[in-house]
Engineer: 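Provided herewith is a single structure, encoded as structure tokens, for subsequent inquiry.
Residue numbers count from 1 along this sequence.
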Amino acid sequence: MPIVVDIDVMLARRKMSVGELAERIGITPANLAVLKNGRAKAVRFVTLAALCDVLECQPGDLLRWEAEDVAGG
């Protein structure tokens with residue numbers, strides 16, 4: 001998928017654990033792990049806003065687009 005999730009980068013910069021972030025934004029650590037590992041199909045704006053609030057960042061600090069490497073034959 002061309003959308004890359006950089007929550008782990010922001011967690012490292014803030015010296016915060018996944019468990020602490022999950023508690024502060026009000027979701028389970030398991031659901032945060034799904035999002036963090038890029039396995040989520042969607043993100044609610046309220047969740048994205050909570051992540052930005054707690055991590056003191058912008059949505060673009062958490063999500064970025066990368067072109068897929070298309071091997072042409």
Engineer: Heavy-atom count around Arg44 CZ within 6.0 Å, excluding the residue itself: above 12?
Structural biologist: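 Counting neighbours around CZ of Arg44, 12 or fewer heavy atoms of other residues, nucleotides or ligands fall under 6.0 Å, so no.
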
Engineer: Going by the rule side-chain contact (heavy atoms from CB on, under 4.5 Å), which residues pair with Thr28 if we only count those two or more places apart in sequence or in a different chain?
Structural biologist: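 In terms of side-chain contact (heavy atoms from CB on, under 4.5 Å), with neighbours along the sequence ignored, Thr28 is linked to Ala30, Asn31.
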
Engineer: According to salt bridge (Lys or Arg N to Asp or Glu O under 4.0 Å), who are the partners of Glu20, at least two apart in sequence or on a separate chain?
Structural biologist: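 Expected list: Arg24.
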
Engineer: Using the test side-chain contact (heavy atoms from CB on, under 4.5 Å), find all partners of Asp53 that sit at least two apart in sequence or belong to another chain.
Structural biologist: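 Residues passing side-chain contact (heavy atoms from CB on, under 4.5 Å) with Asp53: none at all.
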
Engineer: Cluster question for you: counting only ILVMFWY and a side-chain heavy-atom cut-off of under 4.5 Å, with indirect links fine, are Val9 and Met16 together?
Structural biologist: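 Each belongs to a different hydrophobic cluster.
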
Engineer: Return each pair, listed once, that meets salt bridge (charged side-chain N to carboxylate O under 4.0 Å, His left out) where at least one residue sits in residues 7-19; pairs must be two or more places apart or across chains.
Structural biologist: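 Qualifying pairs, neighbours excluded: none.
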
Engineer: Give a yes or no on whether Val54 and Leu63 share a hydrophobic cluster (residues Ile, Leu, Val, Met, Phe, Trp, Tyr; joining criterion: side-chain heavy atoms under 4.5 Å apart).
Structural biologist: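 Yes.
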
Engineer: Apply side chain to side chain contact (heavy atoms under 4.5 Å, CB included) to the pair Val5 and Leu62, showing each step before the final yes or no.
Structural biologist: CA-CA 6 Å; Val5 182; Leu62 301 175; 5.7 Å; no

Engineer: If two hydrophobic side chains count as joined below 4.5 Å and joins carry through other members, does Leu51 share a cluster with Val34?
Structural biologist: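 Cluster IDs for Leu51 and Val34 differ.
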
Engineer: Given side chain to side chain contact (heavy atoms under 4.5 Å, CB included), test Ile7 with Leu32 step by step and report yes or no.
Structural biologist: CA-CA 9 Å; Ile7 292 174; Leu32 181 56; 4.3 Å; yes

Engineer: With sequence neighbours left out, write down each residue that passes side chain to side chain donor-acceptor pair (under 3.5 Å) with Arg64, or none if nothing qualifies.
Structural biologist: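 Side chain to side chain donor-acceptor pair (under 3.5 Å) list for Arg64, sorted by chain: Asp6, Glu66.
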
Engineer: Under the side-chain contact (heavy atoms from CB on, under 4.5 Å) test, which residues partner Asp61, sequence neighbours left out?
Structural biologist: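 Partners of Asp61 under the side-chain contact (heavy atoms from CB on, under 4.5 Å) test: Met10, Cys57, Gln58.
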
Engineer: Checking Pro59 now: which residues fulfil side-chain contact (heavy atoms from CB on, under 4.5 Å) with it, not counting sequence neighbours?
Structural biologist: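 So Pro59 forms a side-chain contact (heavy atoms from CB on, under 4.5 Å) with Leu48, Cys52.
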
Engineer: Is any side-chain heavy atom of Ile27 closer than 4.5 Å to one of Leu21?
Structural biologist: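 Heavy-atom side-chain distance check fails, nothing below 4.5 Å.
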
